[in-house]
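Data first, discussion second: the structure below is written as structure tokens.
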Amino acid sequence: MSERSAAPGALVLVQDLVNTLDLESGADTLDTADGRARFGLPEGDAAGVESARTLREALRAALLAHAGHPPHRGVVPLGTLLAKAPLVVTVDPADGSATLAPVDRGALLSRVATAVAEGVAAGTWIRLKACEAADCHWAYYDRSPAGRGRWCSMQVCGARAKMRRYRSKRPQPQPERAGTRQEPKRATEPQPGPGGS
């Protein structure tokens, strides 16, 4: 797995949260104090860490959907979680510009909801995807011209997938079973016909 490219703007928060779990090794940076601090999760807040993990997997499911994968069963839908994140629209009286902001600026759920909303408005949310490789699902930002990227890294996950596909198409040699070896057929000599010599 490899970070192909960082997501733009606030979506980097989403990308970073999804990538706290390395599916290949099982390492979860939310298990470390530094990892939790990076997302503003207070030390000793076990419920907050579990909520962050639930949010992470809901985000991963959405990013897999962006890459064309069917919905994941057993994962709380992202919309259900984000509905609990209060956001407000603030308007600058000087120029009338509006921004979306979390009511609770410290809450991870509210910050993620803001990032998703900004990504939707900017048209970047749909390009944040999860790698197609089942042992990876790393979040990456698809910068391909057509937006059809499938792997976080063509050199790693893409190469592995292409090699597996190549090997599956090659004819496989059939193993010989003991005692079933067939003798080569021998040419038979012509038998004399009736009245022959």
Side-chain angles (χ1 to χ4, degrees), residues 1-23 27-72 74-131 136-144 147-149 152:
M1 111 202 68
S2 160
E3 285 191 71
R4 190 156 106 184
S5 66
L11 283 180
V12 77
L13 171 67
V14 173
Q15 183 179 25
D16 288 348
L17 180 59
V18 171
N19 291 343
T20 57
L21 178 63
D22 181 337
L23 292 178
D28 185 347
T29 57
L30 293 180
D31 287 338
T32 68
D34 288 342
R36 291 187 294 272
R38 220 171 122 204
F39 295 97
L41 300 170
E43 198 57 41
D45 182 9
V49 172
E50 279 312 303
S51 294
R53 286 187 172 121
T54 300
L55 177 59
R56 175 181 66 198
E57 295 314 310
L59 287 164
R60 187 185 318 279
L63 303 188
L64 283 166
H66 289 173
H69 293 274
H72 274 51
V75 175
V76 178
L78 183 59
T80 301
L81 294 174
L82 295 183
K84 299 173 187 173
L87 303 175
V88 294
V89 177
T90 60
V91 180
D92 185 330
D95 64 3
S97 63
T99 57
L100 191 61
V103 171
D104 179 0
R105 293 188 185 276
L108 179 60
L109 180 62
S110 294
R111 290 182 300 148
V112 166
T114 302
V116 170
E118 287 176 8
V120 169
T124 55
W125 167 240
I126 199 73
R127 282 189 175 248
L128 187 58
K129 299 178 179 182
C131 181
C136 181
H137 291 327
W138 200 250
Y140 69 94
Y141 189 74
D142 183 3
R143 294 187 185 277
S144 66
R148 293 189 196 142
C152 63

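Heads up: numbering here begins at 1 and tracks the sequence.
Atom CZ of residue Arg127 and atom CG of residue Leu11 lie 13.0 Å apart, to the nearest 0.5 angstrom. Atom-to-atom distance recorded for Leu13:CG and Arg111:CZ is 5.5 Å, nearest 0.5 angstrom. For the atom pair CD of Glu50 and CZ of Arg53, the computed distance is 5.0 Å after rounding to the nearest 0.5 Å. One distance of note links CD of Gln15 with OH of Tyr140; it measures 11.0 Å at 0.5 Å rounding. Separating the SG atom in Cys131 from the CG atom in Leu64 is a distance of 9.0 Å, to the nearest 0.5 Å. The distance from the CG atom of Leu109 to the OG1 atom of Thr114 is 9.5 Å, given to the nearest 0.5 Å.
Looking only at atom types and distance, the side chain of Asp34 has no donor-acceptor partner in the side chain of Thr32 under 3.5 Å away.
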- Is there a side-chain contact (heavy atoms from CB on, under 4.5 Å) between Arg56 and Leu30 once you walk through the steps? CA-CA 11 Å; Arg56 175 181 66 198; Leu30 293 180; 3.7 Å; yes

- Hey, mind stepping through Leu55 and Leu78 against side-chain contact (heavy atoms from CB on, under 4.5 Å) and telling me if it holds? CA-CA 7 Å; Leu55 177 59; Leu78 183 59; 4.0 Å; yes

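Under the 3.5 Å distance criterion, the side-chain polar atoms of His66 are matched with a main-chain donor or acceptor of Leu128. Within the 3.5 Å criterion, the main-chain N or O of Ala139 finds a donor-acceptor partner in the side chain of Asn19.
Residues Leu87 and Ser110 come closest through the heavy atom pair CD2-O, 3.7 Å. Here the closest non-hydrogen pair linking Asp142 and Lys129 is OD2-NZ, 2.8 Å. Nearest heavy-atom pair across Gly48 and Leu41 is O-CD2, 3.9 Å. Contact between Trp138 and Asp22 at its shortest, heavy atoms only, is CZ3-CA, 4.2 Å. Taking every heavy atom of both residues into account, Arg36 and Val49 meet most closely at CD-CG2, 3.3 Å. Among all heavy-atom pairs drawn from Cys136 and Arg60, the shortest one is O-NH1, 4.5 Å.
Looking at heavy atoms from C-beta onward, Leu23 lies in side-chain contact with Leu21 at the 4.5 angstrom threshold. With contacts defined as side-chain heavy-atom distances shorter than 4.5 Å, the pair Leu108/Leu17 qualifies.
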